[in-house]
Every structure is written in C-alpha cells, then in structure tokens.
**Student:** 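Structure provided below as structure tokens; questions to follow.
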Amino acid sequence: MSTPPNGQGSAQGAGASTISGFISTLIPVGLVCLACLAIFFIFRKRFRRVYEPRTYLGKFSAEQRAPDTGRGMFGWIPAFWKMPDVYVLNTQSLDAYLYLRFFKVIFMLMLVGTCITWPILFPVYGTGGSGQSFFNLLSMSNASGQPNRYYASVVCAYIFFTFVMFVIARETLYFIYVRQAFLLSPRNASKISSRTVLFTDVPKEFLSEEKLRAMYHDVAHIWIATDTKELEDLDDERQKTALQLEGAECKLLKAANTEWLKREKKGDRLDNPMQWADENKRPTHRIKPLIGKKVDTLDYCREHVSDLQTKIEALQNKHYVGDGVDTIGAVFIEFNTIQAAESAYQELPYHKPKHMQPRTIGTAPEEIIWKNLSMPWWRRELSYALATTLVTLLIILWSPLTALAGAISNIYYLESLSWLSWLNAIPSFITGVVSGLLPSLIISLLMALVPFFLRIFAKLAGAASTGEQQLMVQGWYFWFQFIIVFLITTFSSGAISVIQQIRTDPASAPVLLAQNIPKASNFYISYFVLVGLSTFGLALANLVVLALYVVLGSLLDKTPRKKYNRYMNVKGIEWGVLYPKYTTIAIIGIVYSMIAPLVLGFATVGLGLLYIAFRYELLFALDASGMNTRGETYKKALNQLFVGVYVSELCMIGIFAMDIGSHPASAGPMILMIIFFIFSILFQTVMNKAFSPMLRGLPRDLLAGSRYKQAVDIQMEEGARDPRTPRTSNLGQDDRTLADRDNDPMDLDGGAMLHQTHQKGWKGLLERALHPSRMPDFAEWLSQPVDDYTEDQRRDAYVAPAISSVTPLIWIPHDDFGGSEREKAATGKVTAIDDGGAYWEEKTGKLKVIWEDGDKDEWASVKQAPLYSEDERNVY
C-alpha cells in the first residue's frame with residue numbers, strides 16, 4: 001500500500017479501523033445489554049426477592065420500604081421517576097444518597113463540558129487539515145502545528161475547568177451541610193454510636209474508668225477493650241461445632257423422612273423412621289481430616305458444645321468484670337451528649353504523639369474491626385506502609401497486561417512493523433473486534449480482580465472500622481485505576497500510533513507522543529460503551545443475585561438457617577470499590593475534554609445509563625445501610641476530580657510546549673495554561689484549607705441549636721441516672737407545625753436546618769447556585785428517636801462480640817413421625833433447639849420454610865422463624 005503525503009493514507013486506514021473497532025464493541029455489548037434488559041422485565045415480578053426486596057421484605061421497617069411498583073411488566077417506571085433521590089437518604093443511608101448524587105454531579109459535568117466544547121472545538125479541530133479522519137478528525141491532533149487554533153482550546157479550558165472547580169467546591173459545601181443536618185437529625189442523634197468515641201493507643205496509666213472519667217466530663221459509659229484472642233478462638237470453635245450439629249440433625253431427619261415417604265407410597269409403613277436412619281444414615285466424621293478418629297457427629301458435637309460452653313462462659317465472666325484479663329489499649333467512651341462526644345473527638349487528649357488517638361465517632365459496634373484494635377501505632381504505620389508497597393507492586397504487575405491492551409487498541413499502526421505485516425491479511429471486522437472490544441474486556445477483567453487484594457491489604461494495615469477500611473480501599477483503588485486504566489493505557493496506545501516514526505527518528509519521540517496522545521481517546525470511546533451498556537444491563541438484570549437465590553439456593557440450602565439467611569440477607573454495597581471506577585471515568589472525560597472532546601459525549605451517555613441503573617438498585621434492590629463512612633467517600637471522590645483538571649492542563653501545556661520548536665507562536669497558549677494551572681492549585685489549596693475544619697466534626701452552634709438543645713437538656717437531666725439503664729428520650733417531640741419548623745434556621749427536622757430565604761429573580765437564582773443552603777426534605781421518621789435500648793443492649797453495646805456471644809440456636813425442620821421431637825429432647829439437654837417455621841413437604845419431601853407457603857402472609861410467617869428477633873431492628 002502506498003502512503004500519500006503527510007501520512008494521510010495511514011490516517012484514513014487508522015480511522016476506518018477506529019470506526020470498525022467502535023462498531024465491533026457496540027454490537028456485542030449492545031446485544032448483551034438487551035438480553036439483560038429482557039431478563040429484568042420478564043423475571044422482575046416473578047422473583048421479587050431479587051429485583052425489588054425493598055418493596056415488601058420484612059427486614060426493612062415500614063419507613064425503609066419502597067412503594068409497591070404494581071404487577072405489570074412496566075409498572076415500576078412511573079414509581080421510579082416519581083420518587084426523588086432524597087428517598088434514598090430517608091430509607092437507606094447518607095452514603096447511599098451521596099453516591100447517587102455523585103453520579104448526577106459527574107453526569108452534569110460531562111453534559112456541560114459537551115455543551116461548551118462541541119460547538120466551539122468541533123469546527124476548530126474538524127477544519128484543522130492535518131489529515132486525520134473519522135474520530136481523530138475531531139481531536140486536537142487534527143489541528144497540530146496551528147497555534148491560532150490552540151487559543152480556542154484555551155478559552156474552552158478556562159470556562160470548563162472553572163466550572164468543574166466551582167462544582168467541586170459547591171458540592172463539598174453541600175456535603176458539609178447535609179451531613180451536619182443528617183447526623184443531627186433526632187433519629188441519628190439518639191443512637192449510642194453518635195455519642196461514642198473510640199480511642200486507640202491509650203497509655204496503660206489511663207486504662208481505668210476512674211482516670212478516664214477524671215479526664216472527661218459528661219461520660220455515660222466506658223468500655224475498656226480486653227484481649228479476647230483465646231475467647232475468640234473458643235467461640236469460633238463453638239459456632240462451627242453448633243452449625244455442624246445442626247447440619248447433622250437436618251441430614252439425619254431428611255434421611256428418615258425420605259425413607260418414611262417412600263415406604264408410605266409403597267404401602268409399606270415404617271413404624272420407626274428414626275431407628276432406621278440411626279442404623280443406616282447416622283452422620284459420622286473424622287475429628288481431623290483423613291487421619292483423625294471417626295466419631296458419631298451428633299454425639300460428638302453435643303458433647304463438644306457442652307464442654308466449650310463451660311469454658312466460654314467462665315472466660316466471658318472474667319472479661320465482663322475485668323478479672324485476670326489483659327487490656328489492649330483501646331477504649332470506647334459513651335458521652336451523655338453529642339456536644340461532649342464531639343469535643344472529645346476533636347481535642348488533643350495526650351501530650352505524646354500517636355498516643356490516645358480519637359479514631360472514630362458515630363461508628364456502630366458491628367462496623368468495628370475488633371482484631372485491629374490491639375495493633376500499636378508503630379505497627380499500624382509499618383503495616384500501612386507495607387500495604388501501600390504491595391499495592392504498588394500490584395500496579396507494576398498489572399502494567400504489562402494493561403500496556404498490551406493499550407497497544408491492541410491501536411493495532412492498525414502495528415501493521416507498519418515488518419515483523420507484524422501479517423496483520424494486513426486479517427479481515428477488517430476481526431481487526432475491529434480485536435482493537436475495540438478485546439482491550440476494553442482485558443482492562444475490565446483486570447480491574448475486577450483488584451478489590452479482593454485491596455480489602456485484605458486494608459485489614460492488614462490496621463483499619464479500626466469498616467468505614468476506615470473502605471476509605472483505604474478507595475484511595476488505593478483510585479490510584480490503581482488512574483495509573484492502569486488511564487496513564488499506562490493512554491501512553492501505550494499513543495506510543496503505538498507513532499512507533500514507526502520513532503524508529504526512523506528517535507529524537508522526535510516527545511513531539512510525536514504529544515501530538516498523538518489525542519488518538520488514544522479512541523480506546524476510551526469503546527471502553528465507555530462497554531462499561532456503560534454492560535453495567536447498565538447487568539445491574540438491572542442482577543444475574544449474580546438471581547443465580548445465588550434461585551439456582552444455588554435450591555442446591556445448597558439444606559437447613560432452615562441457610563434458607564433464612566439467604567432470604568434475609570440483601571445484597572450490600574462497598575463504597576471504596578465503586579467510587580474509584582466511576583471517578584476515573586469522570587477524570588478521563590475531563591482530561592480529554594479539550595484534547596478529544598468527542599469523549600465527553602460518550603461519557604455523558606455512559607454515566608447517564610449508570611445513574612439510572614444504580615438509582616433503581618438503591619431504591620428497590622440493595623441494602624446500603626451496612627457500610628457507613630458518614631459520607632467521607634463522597635468528599636474524597638470530589639477532591640479526586642481535581643486530578644483530571646491538573647492532568648488535562650499538563651497535557652495541554654505539554655502539547656503546546658512540544659510545538660514551540662516549529663511554531664514559536666504556541667508559547668502564547670502555553671503561558672496561558674501555565675497561569676491557569678497555578679490558579680487551579682491555589683484554588684484547591686484555599687478550598688481545602690477553608691473546609692478542612694468543617695469536615696472534622698460538628699460545629700458547636702448547631703449542637704447548641706434550638707431543636708438539638710431539647711436533646712441536650714433531656715440528657716443532662718438524666719445524667720445522674722445509672723448509665724446502664726435505658727434512657728427514655730423525648731428527642732424529636734415537637735408541637736410546632738411543619739411550617740413553623742421550616743422557618744427555624746436551626747431546626748433539624750424536615751431538612752430545614754440551614755434553610756435561608758433567598759431573593760427573588762436572577763439575584764436569588766445566582767445566590768442559590770453559589771450557596772447550597774437548601775437541605776433535602778428528611779422523612780418524618782428521622783425526626784423520631786430510635787427505640788429505647790434495653791439494659792443488656794446498653795451494657796453490651798461496645799464489648800467485643802466474643803464476650804457477649806451465645807451458642808447459636810439449633811434450628812431443625814418439623815416432621816410428622818416424631819423425629820424432630822426426639823432430637824429436640826436429646827440436643828435440648830445441651831443447647832437451645834427449635835423445629836418451628838420449617839417442615840418437610842408432604843409430597844416431595846423437600847425442605848420448606850413457612851414463608852415459602854404462598855397461602856400465608858410472607859412477613860408474618862418470617863416473624864415466626866426461631867432466628868428472627870425484634871432486637872435486630874434496634875440499631876446502635
């Protein structure tokens with residue numbers, strides 16, 4: 001093939017390959033998306049537990065449920081559009097609401113960027129005349145060597161990047177306000193966790209309740225953490241043995257029931273099915289695999305559970321009274337008021353660095369990573385450094401595969417190498433699939449493996465809570481995504497596009513790379529199509545949960561407990577894993593906004609689809625209440641968007657600088673971008689300095705506000721009472737009308753805590769845009785305190801789980817031949833056992849639980865399950 005002047009033939013061929021790669025990505029991914037949507041629409045009402053558990057599942061209180069979406073195939077759509085995003089805040093959590101808002105923010109950024117750049121830069125780049133074609137025709141590479149056209153890019157950059165930074169600042173301020181309002185709502189303010197501060201690395205001389213009460217005032221309760229390693233090991237063994245006993249009981253009863261039904265059908269009645277089962281099917285196992293002694297499972301487990309209970313109860317009593325047990329330097333202090341707790345959290349309690357650190361506030365007991373509390377500060381620092389090193393090594397390990405994916409995305413340019421000339425013989429359709437779909441799949445699969453390792457690293461690094469763990473994962477995973485998905489892919493793809501020219505003239509490498517980096521945007525167009533369409537379809541189809549619930553549930557759930565757990569446990573969400581994936585997409589859009597503005601359009605469509613999918617999941621299908629960071633992941637993601645602004649500015653500066661040698665007039669645009677780059681750094685520095693104190697805790701003026709003052713007065717009046725006794729709270733009781741409360745600038749109910757009256761007209765519009773003081777409308781139930789805690793709940797709130805742990809209730813199915821009654825009598829001598837709420841189906845002999853009976857009210861049936869407890873609904 002002959003090459004026309006200026007390499008136009010190469011550009012035309014590469015452009016055709018780009019279009020072919022895009023179509024080859026769009027068609028298969030689009031078909032997968034359509035198939036997923038078909039599954040969603042067909043199975044949505046048949047498997048409500050998979051697609052809309054929040055509309056009916058009794059795990060959620062009436063206030064946390066979504067409205068019923070009707071029985072029709074498309075009945076969910078009107079309800080979906082009518083429900084505001086704040087519904088997620090009122091029924092799920094602050095983190096869930098802010099996550100949804102983050103998608104709206106980055107979608108808006110991409111949309112505004114599209115509206116700014118396309119009308120201006122498309123004509124400027126499209127008429128550049130540098131011989132590019134197809135997608136490359138609309139990138140800066142088609143205007144290279146023309147400094148006058150660069151000024152259009154600079155003007156757009158000034159406008160768009162200013163808007164991006166303004167939105168980041170505004171959203172950070174909004175986050176501060178909405179978090180303050182939410183945390184001080186009566187529902188949250190009345191929780192024990194909101195008044196409890198965790199201190200780690202507490203010196204031994206302060207590990208006594210007397211000295212801690214002398215240091216802090218308004219203390220309600222103190223929990224001094226103890227070394228529970230031995231107790232945890234024993235408790236784990238007890239839990240394991242009890243569940244093994246339960247499984248053996250169910251296995252024996254199933255064998256007896258199966259034989260009994262078989263004989264009944266043949267007319268050969270079996271008088272004693274349990275005797276037959278004892279003789280033929282009684283479970284046995286080896287104490288140690290392969291070489292251990294073979295024992296009767298039921299007899300061994302009963303005896304072993306009994307022995308363990310005696311040892312565990314003795315140790316638990318020692319830990320409760322602090323007799324003969326070692327402390328680990330961690331203390332939980334519950335204060336009478338949030339004011340006192342916030343003061344303690346923000347103060348410097350000890351004169352030596354890294355000692356008696358206030359680590360968390362507002363963290364529920366179930367979110368504490370108890371094993372990490374004993375880790376001293378120096379070991380924690382070393383562990384964090386080691387974990388960060390491991391993440392770095394992981395990035396290095398992933399880099400070659402990522403670079404390969406980037407090179408494949410520009411496979412057309414590899415044909416210029418003599419030893420790869422055979423690529424010319426490959427049909428264009430196959431080349432399109434290889435250059436478009438394959439690289440995107442490689443990157444997606446590589447990224448899917450990373451979170452598994454990062455979770456382990458975060459635990460090793462000494463995270464004290466799951467929230468802290470998520471923030472660690474978010475930080476590492478963001479840089480992993482940014483380096484792997486963006487930097488390495490961009491430069492490997494850009495380098496491949498000029499590999500032949502670099503071989504001919506190595507000295508021209510910097511200039512050629514700068515000019516051809518815009519061509520790497522073609523990979524991200526395919527990548528956004530893959531991520532947007534596939535995630536949209538897969539999120540709605542919920543294939544993993546569908547398979548786990550429908551297929552694996554029927555195959556693996558052989559005990560009532562397993563059926564109950566699968567029914568009650570709704571899929572959760574990990575903020576530290578999800579945020580970085582989509583933050584990186586937004587950053588890539590910002591980086592290429594001036595270099596290849598076409599990317600913005602695809603990013604807008606992709607993020608719009610993702611917003612719809614995640615909105616549906618959070619409204620109807622997910623339980624996001626189990627992972628609490630108090631909104632910190634949202635703030636962190638907003639700050640990470642500055643990386644996109646900086647990198648885009650540096651890329652533009654680099655492109656202009658490389659062009660100065662042949663076109664000195666390029667110095668003008670370069671100087672303007674350098675000035676704006678400095679301005680961007682100063683803007684972020686000033687913003688972070690201004691907002692930093694407001695991000696640490698809650699301000700005193702709000703804590704002393706009119707509505708919250710009721711809680712303070714009530715708590716102070718009851719301060720003389722025994723802190724272990726239940727406190728009756730009147731927090732949230734207010735005789736004023738909603739209108740009256742909305743007019744109170746310090747009111748915490750109805751979301752009007754910081755509501756201000758704005759001017760009318762354009763001045764009011766400008767004021768509302770610049771100052772996000774309008775809070776979302778909180779649901780009425782958030783104005784009510786949590787239910788009163790029992791004495792045991794208050795006593796055990798922040799003791800290690802092993803100290804308050806009890807032997808699991810053994811749950812077996814009921815039968816009609818007396819087998820379950822016999823087993824209840826035998827096992828009941830050792831531990832509690834129940835056969836309610838589960839039975840063997842009369843015709844098939846399959847295990848059934850009572851809520852699977854379609855003739856009965858499902859939730860009323862679930863409440864009859866022996867494992868159900870109303871106490872689980874009373875949150876800390």
**Student:** Quick check: closest heavy atoms across Ala802 and Gln316, and the distance to 0.1 Å?
**Tutor:**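 Between these two residues, the closest heavy atoms are O-NE2, 3.0 Å.
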**Student:** Do Pro67 and Met83 have side-chain heavy atoms sitting under 4.5 Å apart?
**Tutor:**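 Yes. Closest side-chain heavy atoms under 4.5 Å.
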**Student:** Is there side-chain contact between Trp840 and Trp260, with at least one heavy-atom pair below 4.5 Å?
**Tutor:**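 No, their side chains stay 4.5 Å or more apart.
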**Student:** Go through the steps to decide whether Arg286 and Lys294 satisfy the test side chain to side chain contact (heavy atoms under 4.5 Å, CB included), and finish with yes or no.
**Tutor:** CA-CA 4 Å; Arg286 294 186 182 276; Lys294 194 172 185 179; 4.2 Å; yes
**Student:** Using the side-chain contact (heavy atoms from CB on, under 4.5 Å) definition, which of the options Asn317, Val806, Leu231, Asp307 pairs with Ile312?
**Tutor:** Leu231
**Student:** Quick check on the 6.0 Å ring-centre criterion: do Tyr579 and Tyr477 meet it?
**Tutor:** no
**Student:** Could you go through Lys824 and Ile812, starting from their C-alpha distance and side-chain angles, then the distance that decides it, and tell me whether this counts as side chain to side chain contact (heavy atoms under 4.5 Å, CB included)?
**Tutor:** CA-CA 9 Å; Lys824 283 167 61 180; Ile812 60 175; 4.2 Å; yes
**Student:** What closest approach, in Å, do Ala624 and Leu618 show between heavy atoms, and which atom pair accounts for it?
**Tutor:**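 Shortest heavy-atom separation between Ala624 and Leu618 comes out as CB-CD2, 4.1 Å.
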**Student:** Whether the side chain of Ser190 engages the backbone of Arg187 through a donor-acceptor N/O pair (distance < 3.5 Å, no angle test) should be reported.
**Tutor:** yes
**Student:** Determine whether more than 12 heavy atoms belonging to other residues, nucleotides or ligands lie under 6.0 Å from atom CD of Glu366.
**Tutor:**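 Yes - once you tally the heavy atoms of other residues, nucleotides and ligands closer than 6.0 Å, there are more than 12.
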**Student:** Is there a donor-acceptor contact under 3.5 Å linking the side chains of Tyr320 and Asp796?
**Tutor:**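 There is such a pair (donor and acceptor under 3.5 Å, judged by atom type) between the side chains of Tyr320 and Asp796.
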**Student:** Return yes when atom CD of Glu264 has more than 12 non-hydrogen atoms of other residues, nucleotides or ligands closer than 6.0 Å, and no otherwise.
**Tutor:**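 For Glu264, atom CD is crowded (more than 12 foreign heavy atoms under 6.0 Å).
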**Student:** Mind listing the closest non-hydrogen atom pair of Asp278 and Arg282 along with its distance?
**Tutor:** OD1-NH1, 2.9 Å
**Student:** Can you find a heavy atom in the side chain of Thr297 that is under 4.5 Å from one in the side chain of Lys251?
**Tutor:**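 In short, these two side chains do not touch, never coming nearer than 4.5 Å.
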**Student:** Keeping Arg615 on the side-chain end and Leu100 on the backbone end, is there a donor-acceptor pair under 3.5 Å?
**Tutor:**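 No, because the side chain of Arg615 does not come within donor-acceptor range (under 3.5 Å) of the backbone of Leu100.
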**Student:** As an exercise, state the distance from CG of Leu261 to NZ of Lys266, rounded to the nearest 0.5 Å.
**Tutor:** 12.5 Å
**Student:** Can Arg302 and Glu249 be counted as an ion pair, charged N to O under 4.0 angstrom?
**Tutor:**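 Answer for the salt bridge query: yes.
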**Student:** Within a strict 4.5 Å, meaning less than it, do heavy atoms of the Lys281 and Lys254 side chains meet?
**Tutor:**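 With C-beta onward as the side chain, the pair stays apart.
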**Student:** Would you name the heavy atoms of Val325 and Thr226 that are closest together and state the gap between them?
**Tutor:**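 What the structure gives for the nearest pair is CG2-CG2, 3.8 Å.
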**Student:** Heavy atoms, side chains only, cut-off 4.5 Å: are Val570 and Arg49 in contact?
**Tutor:**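 Yes, at least one pair of side-chain atoms sits under 4.5 Å.
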**Student:** Would you check, one step at a time, whether the test side-chain hydrogen bond (donor to acceptor under 3.5 Å, both in side chains) holds for Thr363 with Glu468?
**Tutor:** CA-CA 10 Å; Thr363 303; Glu468 186 179 343; over 6 Å; no
**Student:** Taking NZ, NE, NH1 and NH2 as the nitrogens, is one of them in Glu259 or Lys262 under 4.0 Å from a carboxylate oxygen of the other?
**Tutor:**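 Lys262 and Glu259: salt-bridged.
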**Student:** So which heavy atom on Val799 is nearest to which on Trp223, and how close?
**Tutor:** CG1-CD1, 3.7 Å
**Student:** Please report the C-alpha distance between Trp276 and Phe817 in whole Å, then the side-chain angles of each, then the deciding distance to 0.1 Å, and finally whether the ring-ring contact (aromatic ring centres under 6.0 Å, His included) criterion is met.
**Tutor:** CA-CA 12 Å; Trp276 178 90; Phe817 52 82; over 10 Å; no
**Student:** Closer than 4.0 angstrom, basic N to acidic O: yes or no for Asp68 and Arg48?
**Tutor:**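 Yes, this pair counts.
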**Student:** Where does the angle between the aromatic ring planes of Phe80 and Tyr616 fall among parallel (under 30°), tilted (30 to 60°) and perpendicular (over 60°)?
**Tutor:**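 Phe80 vs Tyr616 ring planes: tilted.
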**Student:** Distance from Asn542 atom CG to Glu52 atom CD, nearest 0.5 Å?
**Tutor:**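 Those atoms lie 12.0 Å apart.
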**Student:** Please work out which of the three classes, parallel, tilted or perpendicular, describes the rings of Tyr99 and Trp575, given edges at 30° and 60°.
**Tutor:** tilted
**Student:** Is there a salt bridge (charged side-chain N to carboxylate O under 4.0 Å, His left out) between Arg822 and Asp815? Walk through the geometry before answering.
**Tutor:** CA-CA 11 Å; Arg822 192 196 80 167; Asp815 57 66; over 6 Å; no
**Student:** Once rounded to the nearest 0.5 Å, what's the spacing between atom CG of Leu234 and atom NZ of Lys311?
**Tutor:**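 The distance works out to 6.5 Å.
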**Student:** Hey, is the main chain of Ile833 close enough, under 3.5 Å, to the side chain of Glu823 for a donor-acceptor pair?
**Tutor:** no
**Student:** How close do Tyr87 and Ala66 get, counting heavy atoms only, and between which atoms?
**Tutor:** OH-CA, 3.5 Å
**Student:** Answer whether the closest heavy-atom distance between the side chains of Asn90 and Tyr97 falls below 4.5 Å.
**Tutor:**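 They are not in contact (no side-chain heavy atoms under 4.5 Å apart), so the answer is no.
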**Student:** Got Met274 and Leu252 here, is their nearest side-chain heavy-atom distance under 4.5 Å?
**Tutor:** yes
**Student:** Distance alone, cut at 3.5 Å: any donor-acceptor contact between the side chains of Ser820 and Asp835?
**Tutor:** yes
**Student:** As a quick check of understanding, evaluate salt bridge (charged side-chain N to carboxylate O under 4.0 Å, His left out) for Lys229 and Asp233, giving each step before the final call.
**Tutor:** CA-CA 6 Å; Lys229 178 69 170 63; Asp233 292 341; 2.9 Å; yes
**Student:** Looking only at the side chains, is there a donor atom on one of Gln470 and Thr629 sitting less than 3.5 Å from an acceptor on the other?
**Tutor:** no
**Student:** Compute whether any side-chain donor of one residue and acceptor of the other, for Glu367 and Ser193, lie under 3.5 angstrom apart.
**Tutor:** no
**Student:** Between the side chains of Glu232 and Thr228, does any donor sit under 3.5 Å from an acceptor?
**Tutor:**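 Short answer, yes.
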**Student:** Does the cation-pi check pass for Arg44 over Tyr51, that is, NZ or CZ under 6.0 Å from the six-membered ring centre and within 45° of its axis?
**Tutor:** no
**Student:** Rounded to the nearest 0.5 Å, what separates atom CG in Asp299 from atom OG1 in Thr284?
**Tutor:**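 One finds 11.5 Å between CG of Asp299 and OG1 of Thr284.
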**Student:** Stepwise, does the side chain to side chain contact (heavy atoms under 4.5 Å, CB included) test hold for Leu245 with Leu298?
**Tutor:** CA-CA 6 Å; Leu245 172 61; Leu298 294 173; 3.8 Å; yes
**Student:** Would the distance check show the side chain of Thr310 and the main-chain N or O of Ser306 forming a donor-acceptor pair, the cut-off being under 3.5 Å?
**Tutor:** yes
**Student:** Does CG in Leu555 sit with more than 12 non-hydrogen atoms of other residues, nucleotides or ligands closer than 6.0 Å?
**Tutor:**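 Above 12, so yes.
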**Student:** Would you compute the distance between atom OG of Ser625 and atom CG of Leu94 and round it to the nearest 0.5 angstrom?
**Tutor:**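 If we round to the nearest 0.5 Å, Ser625:OG and Leu94:CG are 13.0 Å apart.
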**Student:** Can Arg238 and Thr807 be said to form a side chain to side chain contact (heavy atoms under 4.5 Å, CB included), step by step?
**Tutor:** CA-CA 7 Å; Arg238 178 175 63 174; Thr807 306; 3.2 Å; yes
**Student:** Hey, what's the ring geometry for Trp370 with Phe332, parallel, tilted or perpendicular (30° and 60° as the breaks)?
**Tutor:** tilted
**Student:** Evaluate the side-chain proximity of Lys581 to Met447: yes if any heavy-atom separation is below 4.5 Å, no if none is.
**Tutor:** no
**Student:** Would you confirm whether Arg566, through its side chain, and Tyr549, through its main-chain N or O, come within 3.5 Å as a donor-acceptor pair?
**Tutor:** no
**Student:** Starting at CD of Gln469, measure out to CG of Leu460 and round the result to the nearest 0.5 Å.
**Tutor:** 10.0 Å
